Amino acid sequence: MLNNNNELTLKSILLAIILSIILSAANTYLGLFAGMTVSASIPAAIISMSILKLFKNSNIKENNLVQTSASAGESLAAGVIFTFPALILLGYWNNFDYIEVTKIALIGGLLGVIFTVPLRKTLIIEKKLTFPEGIATSKILASANSSKLGKIILQSSIIGGLFKFFQQGLNLWKPSLEHIFKYNNSIFGIACDLSPALLGVGYIIGINVGILVLMGGIISWLIAIPIYTSQNPIDGNINNIAWDIWNSKIRFLGVGAMLVGGFWSIIKLLKPIFNGIISNFNNYKKKLKSDDLSLKFIGLLLIIIIVPLFFIYYNIFNNYFFSLLITFIVLIIAFFFSS
């Protein structure tokens, strides 16, 4: 590579947009399908290095811009797929309106970026978190084997795409194997999904998280549903009965577990968050130099974003006071979840 330190180049920006769209779409599908997303940083870094090597003038800063942009797109996709379907399930929306989704996602994404700036020093410098994903990405950016890794990603994508095409496009085999049976008055279920996507996710998340996912299935289908059906005997097709029970009752066990885990994480971060806020205000008063955007500039951006956010809720509730209250609550929630 030539010694060119430009980061915001046309090719890096265009590649960042393209990879962000592709990896966000992939994570959107995966999140709706499996209930979880995987990081876009590492594959984006590998693809970026493989492509930018074809140009005479390229550098590591361009690769860093591309992988960061792709990661931001993946994060925004996760925020959309884990929230917007609720509007359909609640019956508030009948379909996904592109303009509404874009407006809400844009405001939410900007809020996340703005709130992340004052938290950077607290979570990265003072808290000294290890950030294994960031370390892995930096190793890839510094690696000389990007071309080899790029070929592996290309080959894997082709194989996975062909598998999915033969499976669902041509219906050569079922997407999953499942067996639901009844013992005494209890209904049990055992299933296995035949998906390269889930195989890849399992490899990425590792054995510890994989066991937790497996335990969720065991608790649902081998403990909760059998206990419920033993206490509430139902006649009919056991397959339909089992899935109806899972959809209407059992899956909320997982929702409760996620809520408790999320709130517990927030409670653990309360002290460093407030320390970080106080530290930022003290530095601002002392006019100390910082690599971060100033609190004054962040406050100005926040005021600008509050206006369209308020009108989104006003169009729903048609009440100034209630819309203002909801906007304020959303800002607080957004700040804590950004952390």
Side-chain angles (χ1 to χ4, degrees), residues 7-8 12-28 31 37 39-41 44 64-87 93 96-124 131 133-134 262 265-266 269 273-274 276-277 280-281 284 290-317 320 322-339:
E7 182 176 12
L8 289 171
S12 67
I13 293 173
L14 291 176
L15 184 59
I17 293 172
I18 293 171
L19 288 183
S20 181
I21 293 172
I22 293 174
L23 293 174
S24 295
N27 265 293
T28 299
T37 60
S39 170
S41 294
N64 190 53
L65 171 71
V66 173
Q67 67 86 15
T68 303
S69 301
S71 176
E74 172 262 324
S75 300
L76 187 60
V80 169
I81 62 179
F82 294 141
T83 54
F84 282 88
L87 298 175
W93 280 2
F96 291 102
D97 186 275
Y98 179 80
I99 301 299
E100 285 297 313
V101 171
T102 302
K103 288 192 300 185
I104 298 172
L106 179 61
I107 294 173
L110 291 173
L111 278 177
V113 172
I114 290 172
F115 287 142
T116 300
V117 173
L119 292 170
R120 184 194 70 86
K121 184 179 178 182
T122 302
L123 297 181
I124 296 180
F131 292 98
E133 181 186 319
S265 300
I266 291 174
L269 284 171
I273 287 173
F274 285 121
I277 295 173
N280 282 317
F281 273 111
Y284 179 73
S290 174
D291 295 331
D292 296 332
L293 294 174
S294 68
L295 289 179
K296 184 178 180 179
F297 185 71
I298 293 174
L300 179 62
L301 291 176
L302 198 57
I303 292 172
I304 294 173
I305 292 176
I306 285 175
V307 176
L309 183 61
F310 167 79
F311 280 107
I312 287 176
Y313 290 112
Y314 181 75
N315 289 334
I316 297 172
F317 301 112
Y320 283 105
F322 192 66
S323 300
L324 189 62
L325 178 63
I326 292 294
T327 301
F328 180 71
I329 293 173
V330 166
L331 290 176
I332 296 175
I333 294 174
F335 176 77
F336 281 110
F337 275 89
S338 294
S339 67

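A quick note: this is a predicted structure, and the numbers were derived from the prediction, not measured.
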Problem set entry | Criterion side chain to side chain contact (heavy atoms under 4.5 Å, CB included) against Val66, the qualifying member of Leu19, Ile13, Ile18 | Leu19

Problem set entry | Pairs flagged by side chain to side chain donor-acceptor pair (under 3.5 Å) wherever residues 97-112 is involved - sequence neighbours left out |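 Listed by first then second residue: Glu100-Lys103.
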
Taking all non-hydrogen atoms of both residues into account, name the closest pair between [X] and [Y] and its distance.
X      : Y      : value
Ile316 : Ile312 : CG1-O, 3.3 Å
Ala70  : Ala44  : CB-CB, 3.4 Å
Leu76  : Ala105 : CD1-O, 3.3 Å
Val330 : Leu309 : CG1-CD2, 4.3 Å

Are the side chains of [Y] and [X] in contact, using a 4.5 Å heavy-atom criterion?
X      : Y      : value
Ile17  : Ser69  : no
Leu301 : Leu110 : no
Thr327 : Phe311 : no

Review item, side-chain donor-acceptor pairs of residues 78-85, under 3.5 Å, at least two apart:
{"from": "Thr83", "atom 1": "OG1", "to": "Gly79", "atom 2": "O", "distance (Å)": "2.6"}
{"from": "Thr83", "atom 1": "OG1", "to": "Val80", "atom 2": "O", "distance (Å)": "3.3"}

Quick check for you: to the nearest 0.5 Å, what is the distance between [X] atom [atom1] and [Y] atom [atom2]?
X      : Y      : atom1 : atom2 : answer
Ile306 : Ile107 : CD1   : CD1   : 11.0 Å
Leu8   : Leu65  : CG    : CG    : 6.0 Å
Ile114 : Leu300 : CD1   : CG    : 9.5 Å
Leu325 : Tyr313 : CG    : OH    : 11.5 Å

Exercise. Is it true that atom CZ of Phe96 has more than 12 heavy atoms of other residues, nucleotides or ligands lying nearer than 6.0 Å?
Worked result: yes

Problem set entry | Phe317, CZ atom: more than 12 neighbouring heavy atoms under 6.0 Å |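 Above 12, so yes.
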
For this session: For the pair Leu331 and Phe335, evaluate side chain to side chain contact (heavy atoms under 4.5 Å, CB included) and give the outcome as yes or no after the intermediate values.
Result: CA-CA 6 Å; Leu331 290 176; Phe335 176 77; over 6 Å; no

Problem set entry | Criterion side chain to side chain contact (heavy atoms under 4.5 Å, CB included) on Leu324 and Tyr314, from CA distance to verdict | CA-CA 8 Å; Leu324 189 62; Tyr314 181 75; over 6 Å; no

For this session: Keeping the roles fixed (side chain from Ser71, backbone from Gln67), state whether a donor-acceptor pair exists under 3.5 Å.
Result: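 No.
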
Exercise. Mind checking whether Tyr320 and Phe310 have parallel, tilted or perpendicular rings, split at 30° and 60°?
Worked result: parallel

